[in-house]
There are 2 protein chains.
Amino acid sequence: MAQQKKIPDIVIKRLPIYYRFLTNLHQMGISRVSSSDLGKKMGITSSQVRQDFFNFGSFGLQGYGYDVEQLRQEIGNILGLNKQRTMIIIGAGHLGQALARHSAFEKEGYSVVGVFDVNPHLVGTKIRDIDIQHVNKISQFCRENKVDIAVITVPRTYAKDVADLVISLGIRGIWNFTSVKLNVPEDVAVENIHLSDSLMTLGYYVKCLHEREEEQEEQEE
Amino acid sequence: MAQQKKIPDIVIKRLPIYYRFLTNLHQMGISRVSSSDLGKKMGITSSQVRQDFFNFGSFGLQGYGYDVEQLRQEIGNILGLNKQRTMIIIGAGHLGQALARHSAFEKEGYSVVGVFDVNPHLVGTKIRDIDIQHVNKISQFCRENKVDIAVITVPRTYAKDVADLVISLGIRGIWNFTSVKLNVPEDVAVENIHLSDSLMTLGYYVKCLHEREEEQEEQEE
DNA sequence: AAAATTGTGTTAAAGTTTTAACGGTATTAT
DNA sequence: ATAATACCGTTAAAACTTTAACACAATTTT
């Protein structure tokens, strides 16, 4: 069974946001919240909050609202945060290293178990307590260890090859930080962080704001 | 004038993707492309390609398609890539440093002009050729230099204060890497990179794939 | 204990986004 | 030079997402 009707991707994308806000509320010692309170905090309507949860069942109590901690747990379970996940990072450049050192992921159950690069100056050194190994050790490592997710932080020219490699090794999740579109079989999940795209989008809105400002100045004259 | 009907955000988000694919085509020496070729490469329909461009005018030629380089230019102009933009990075931790060293942004017209932190071990050192200054120098720096975008890579507890500060200094674009929702006036643009959210989303799909796999194994028995 | 209020789950309507359809123009082939 | 083809711009339809509405259950107030 698992899931009757396919949950829209756009709903899935909001689950981590709910989880984040519920964690905040919990840390602030708030134990109860209504869809409209939560919506206000998040900048969405109460309807959307209820509609989103409705996809998964019913977690609230009429006339009361939601129990913050219970709802947080439920969403955590849907996201699979109750299970520990392992990641390897391929490409120990600035970004790869930053991610390897970013301890926040561990709190949510994601731990980095291996880091790989081709640079002989890096191979053999350590990040936190993890050895940086040569990329040609990935196959062996994946055979000997369960790896759920591959984080790809290599230069764009190698992205495709690295993706094909990790897929062939049975890895089913790819966190792609390169600007390359990875074409993967349907039984592999890819989540992209396209930094340049994000920056360009921001640049567009900044441009629009500047233009609007100039217009208003003209009108004032 | 500037813009008759508001272009949907979702269309704006796709512009950098078009730009990326067109740059690829250009580099491969391909000078002409149809909406259906481009759509196939990007994994969207030709209708969507044409519909998206239709928002901004008409860049193609019936029976021929689009001139790759010309279209790339047009989209670049819409995004404002023809103008140079300056950024400061606030928070020189692993992520902040990685972004500061990430040279790729410069090709698209975005240059880092200042890096700030509170850590006395970092203040006074350099990243590439940029001095890391103490955060209390931001105001002065922004008065003396034109700054378009603030990149926020501080711990989440400081995010709101930093955002308020840079907004008060007239910065209109914020690239937010913290997991905090920034509530900003409507004349400020925020673009978020929520790494944890992205990872959790990936985790969800990996979980679904595992579950599906298990089901199929059961059925085979 | 009854009345009033709160606020969910759920269905229906409105709004957005994507895809399809097609007239017509430029290109390419004959 | 003419016919056939390619493919854009544009409008219309379909699909999806968000918001509104509301019956009713639990809570809170009187």
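In this text the structure is predicted, and so the values were computed from the model without any measurement. First the proteins, then the strands, lettered A, B, ... as listed; each starts at 1.
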Inset, instruction - Dump the intermediate steps for salt bridge (Lys or Arg N to Asp or Glu O under 4.0 Å) on B/Arg20 and B/Glu108, then the final yes or no. - result: CA-CA 11 Å; B/Arg20 199 145 45 78; B/Glu108 285 134 20; over 6 Å; no
Inset, instruction - Looking at every strand, decide which applies to B/Phe53 at a 4.0 Å heavy-atom threshold: base, sugar-phosphate, or nothing. - result: nothing
Legend entry - B/Ser47 or B/Gly63, whichever maps to the more 5' nucleotide of DNA chain C: B/Ser47
Inset, instruction - Give a yes/no on whether any side-chain N or O of B/Ser35 is located under 4.0 angstrom from OP1 or OP2 of D/dC7. - result: no
Inset, instruction - Would you state whether a donor and an acceptor, one from the side chain of A/Gln51 and one from the base of C/dT8, lie under 3.5 Å apart? - result: no
Inset, instruction - Taking only the side-chain nitrogens and oxygens of B/Tyr66, find out if one of them lies under 4.0 Å from OP1 or OP2 of D/dG9. - result: yes
Legend entry - Distance, rounded to the nearest Å, where B/Leu71 contributes CG and D/dG9 contributes C1': 14 Å
Inset, instruction - Return the value, rounded to whole Å, for the distance between atom CZ of B/Arg32 and atom P of D/dA6. - result: 11 Å
Inset, instruction - Measure from NZ or CZ of A/Arg32 to the centre of the six-membered ring of A/Tyr64, then state whether that distance is under 6.0 Å and the direction lies within 45° of the axis. - result: yes
Inset, instruction - Return no unless some side-chain N or O of A/Arg50 is found under 4.0 Å from OP1 or OP2 of C/dT11. - result: no
Legend entry - C/dT18 OP1/OP2 closer than 4.0 Å to side-chain N/O of B/Arg14: yes
Legend entry - Distance-only polar pair, side chains of A/Tyr205 and B/Asp9, donor-acceptor under 3.5 Å: yes
Legend entry - Along DNA chain D (nearest heavy atom to each residue), the more 5'-positioned of B/Phe59 and A/Val11: B/Phe59
Legend entry - Phosphate-side-chain proximity, B/Ser58 and D/dC8, N/O vs OP1/OP2 below 4.0 Å: no
Inset, instruction - Start with the C-alpha gap between B/Arg156 and B/Ser179, add the side-chain angles, then the distance that decides, and say whether side chain to side chain donor-acceptor pair (under 3.5 Å) holds. - result: CA-CA 6 Å; B/Arg156 47 169 299 130; B/Ser179 63; 2.7 Å; yes
Inset, instruction - Mind listing the closest non-hydrogen atom pair of B/Val184 and B/Val188 along with its distance? - result: CG2-O, 3.6 Å
Inset, instruction - For B/Gln48 and D/dA14, give me the distance from atom CD to atom P, rounded to whole Å. - result: 19 Å
Inset, instruction - Decide yes or no, distance alone: a donor-acceptor N/O pair under 3.5 angstrom between the base of D/dC8 and the side-chain of B/Gln62. - result: yes
Inset, instruction - To the nearest Å, give me how far apart CG (B/Asp9) and P (D/dT17) are. - result: 16 Å
Legend entry - Atom pair distance, as rounded to whole Å: CD1 in B/Ile10 and P in C/dG15: 18 Å
Inset, instruction - Return the value, rounded to whole Å, for the distance between atom CZ of B/Phe54 and atom P of C/dT18. - result: 16 Å
Inset, instruction - Calculate the interatomic distance between B/Asp67 atom CG and C/dA26 atom C1'; express it in whole Å. - result: 15 Å
Legend entry - Contact under 4.0 Å: B/Thr45 side-chain N or O vs C/dT19 OP1/OP2: yes
Inset, instruction - Kindly point out which of C/dT10, C/dT17, C/dT27 is positioned nearest to the side chain of B/Tyr64? - result: C/dT27
Inset, instruction - Can you tell me the distance, in whole Å, between the CG atom of A/Leu61 and the C1' atom of C/dT5? - result: 15 Å
